[in-house]
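Worksheet for the structure shown next.
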Number of protein chains: 2
Amino acid sequence: MQNGSRKEQITHAAAKLFKEKGFGAASMRDIAGSMGIEAASLYSHIKSKDEILEIICFSMADRLLKSIDEVNDIYFNAAEKLQLAIKNHVRIITGDLNASSVFLREWRHLTKAKLRKFVDMRNRYEAGFMQILVNGENENVFEATDKKFAVLTILSAVNWITEWYDPKGKMNPDEISNHLTEFIMNGLRVKSPA
Amino acid sequence: MQNGSRKEQITHAAAKLFKEKGFGAASMRDIAGSMGIEAASLYSHIKSKDEILEIICFSMADRLLKSIDEVNDIYFNAAEKLQLAIKNHVRIITGDLNASSVFLREWRHLTKAKLRKFVDMRNRYEAGFMQILVNGENENVFEATDKKFAVLTILSAVNWITEWYDPKGKMNPDEISNHLTEFIMNGLRVKSPA
DNA sequence: TAATTTGCCTAACATACGTTAGGTAATTTC
DNA sequence: GAAATTACCTAACGTATGTTAGGCAAATTA
């Protein structure tokens, strides 16, 4: 899919509506309307409504998986890896808020075969994150009695950003990831009692 | 709405389907079918499909708001309050997983007026949680440079439980909330370097 | 026992949906 | 300049949807 192509424009317009109304409630007529054309015209560029959802979901999944693999290939200590993994994740997600929201919320509406593939990719992503925690334990930097639990908790915090992030707000993506990394590593508790 | 009433049964059946398929994709015929009756028969007990969603969302919202108000009325220190608030939240959410999932995911489909009311309630809940962090800072137990950020991060972690919690799994709700509270207070970092 | 209410039914309505068929004008390719 | 392609159009299809109208038998109430 080449840059700026009509197909990409449709995907963008659809992502915006899927985010606002949900996949089920946003119709092909809505999508076409937002582009100033008729619904039937969309079918010159895309195969089906389902295909649009697939493109959005897997485009995000691909980017995130690529990122975690890169992080785990670098010769860093666990704390640095965690910091970088979170930074990448936040950058990817804030880079396209509409697509990210659809990716996080609407993936359930993927057709059966694609859904299986999607869940598989998500599991691989979680496993990549988990590897960092395992490294951290070996290096005696982290402790996590239940690593699956810890990963899910971390990812939930990272993903929730789509719900409140405002590109015009006071925090930029890297500030957010720094803040988040600090919170995940040290929590709320004051370290040196006053 | 009295206990075990037909209306309550409908709400339960609907919650299950709204969770599985989403509000938009689960039809009145689906809901009726899961109860072994016809779609039209539902209208002897409920006003509309929208009403079912409202009942589910506001029932959860009411319970959570009541809980946070109670916590903030108790003469506890901030750490104890946080612990209790999280414990209550986890109990409420794990107590009805179907309704909780709908409450967390499908509230966007509420009609305009109800949506406004819902968001207002959610803001009040967040404010109640934030109050605990403010107390904690005054008591020198917590530090949180950006309290809004901290609250959203905490709540995202707590709410994510609906995505993986299994009543037959190895952790019960109170174990989960203990685990979570520990994580939120102290993070991942090993405190005493080995 | 008569009157009322409850809980469901069948049938139908109007509307909205994803998608296909077939066409037409403008643009690109040879 | 002819041929092919692109990007859109109108019209229509079959199906699914939320909901209403009107009825009927069983249970409840008086």
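Order of the sequence lines sets the chain letters (A, B, ...), proteins ahead of strands, with each chain counted from 1.
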- Item | Residues that Lys87(B) engages under side-chain contact (heavy atoms from CB on, under 4.5 Å), provided they are two or more places apart | Arg91(B), Asp174(B), Ser177(B)

- Query: Quick one: is Ser41(A) getting a side-chain N or O under 4.0 Å of the dC9(D) phosphate, OP1 or OP2?
  - Reply: yes

- Task: Would you tell me if any nitrogen or oxygen in the side chain of His45(A) comes within less than 4.0 Å of OP1 or OP2 on dT6(D)?
- Result: no

- State which residues pass side chain to side chain donor-acceptor pair (under 3.5 Å) with Asn88(A); sequence neighbours excluded, sorted by chain then number. Ser67(A)

Per-pair distances, 0.1 Å, donor-acceptor, side chain in residues 24-40 of chain B, under 3.5 Å, sequence neighbours excluded:
residue	atom	partner	partner atom	Å
Ser27(B)	OG	Arg29(B)	N	3.3
Ser27(B)	OG	Asp30(B)	N	3.0
Ser27(B)	OG	Asp30(B)	OD2	3.3
Asp30(B)	OD2	Lys21(B)	NZ	3.2
Asp30(B)	OD2	Ser27(B)	N	3.0
Ser34(B)	OG	Ile31(B)	O	2.8

- Item | Spacing between Arg6(B) atom CZ and dA27(D) atom C1', to the nearest angstrom | 15 Å

- Task: Could you tell me which residues satisfy side chain to side chain donor-acceptor pair (under 3.5 Å) with Glu20(A), sequence neighbours excluded, listed by chain and number?
- Result: none

- Item | Counterpart residues, ring-ring contact (aromatic ring centres under 6.0 Å, His included), relative to Phe149(B) (two or more places apart) | Trp164(A), His179(A)

- Looking at Ser44(B), does any N or O in its side chain come under 4.0 Å of the phosphate oxygens OP1/OP2 on dT6(C)? no

- Task: Would you mind classifying the nucleic acid contact of Ala26(B) as base, sugar-phosphate or nothing, using non-hydrogen atoms under 4.0 angstrom?
- Result: sugar-phosphate

Can you give each donor-acceptor pair under 3.5 Å made by side-chain atoms of residues 114-129 of chain B, sequence neighbours left out, with the distance rounded to 0.1 Å?
residue	atom	partner	partner atom	Å
Asn123(B)	ND2	Val119(B)	O	3.4
Tyr125(B)	OH	His89(B)	ND1	2.6
Glu126(B)	OE1	Lys148(B)	NZ	3.0

- Between dC9(D) (C1') and Leu42(A) (CG): distance, integer Å: 13 Å

- Would you mind building the protein contact string for nucleotides 19-28 of chain C? One character per nucleotide, 5' to 3', B for base within reach (heavy atoms under 4.0 Å), S for sugar-phosphate only, - for untouched. BB--------

- Can you list every pair that meets ring pair (Phe, Tyr, Trp, His ring centres under 6.0 Å) and has a residue in residues 37-56 of chain A, with sequence neighbours left out? none

- For the residue pair Glu139(B) and Asn135(B), confirm or rule out a side-chain donor-acceptor distance under 3.5 Å. no

- Query: Could you state the CD1-P distance from Ile37(A) to dC9(D), rounded to the nearest angstrom?
  - Reply: 6 Å

- Task: Give the rounded distance in Å between these two atoms: CG of Asp30(B) and P of dG18(D).
- Result: 8 Å

- Message: To the nearest 10°, give me the bend of the helix from dT1(C)-dA30(D) to dC30(C)-dG1(D), comparing the axes of its five terminal pairs at either end.
- Response: 20°

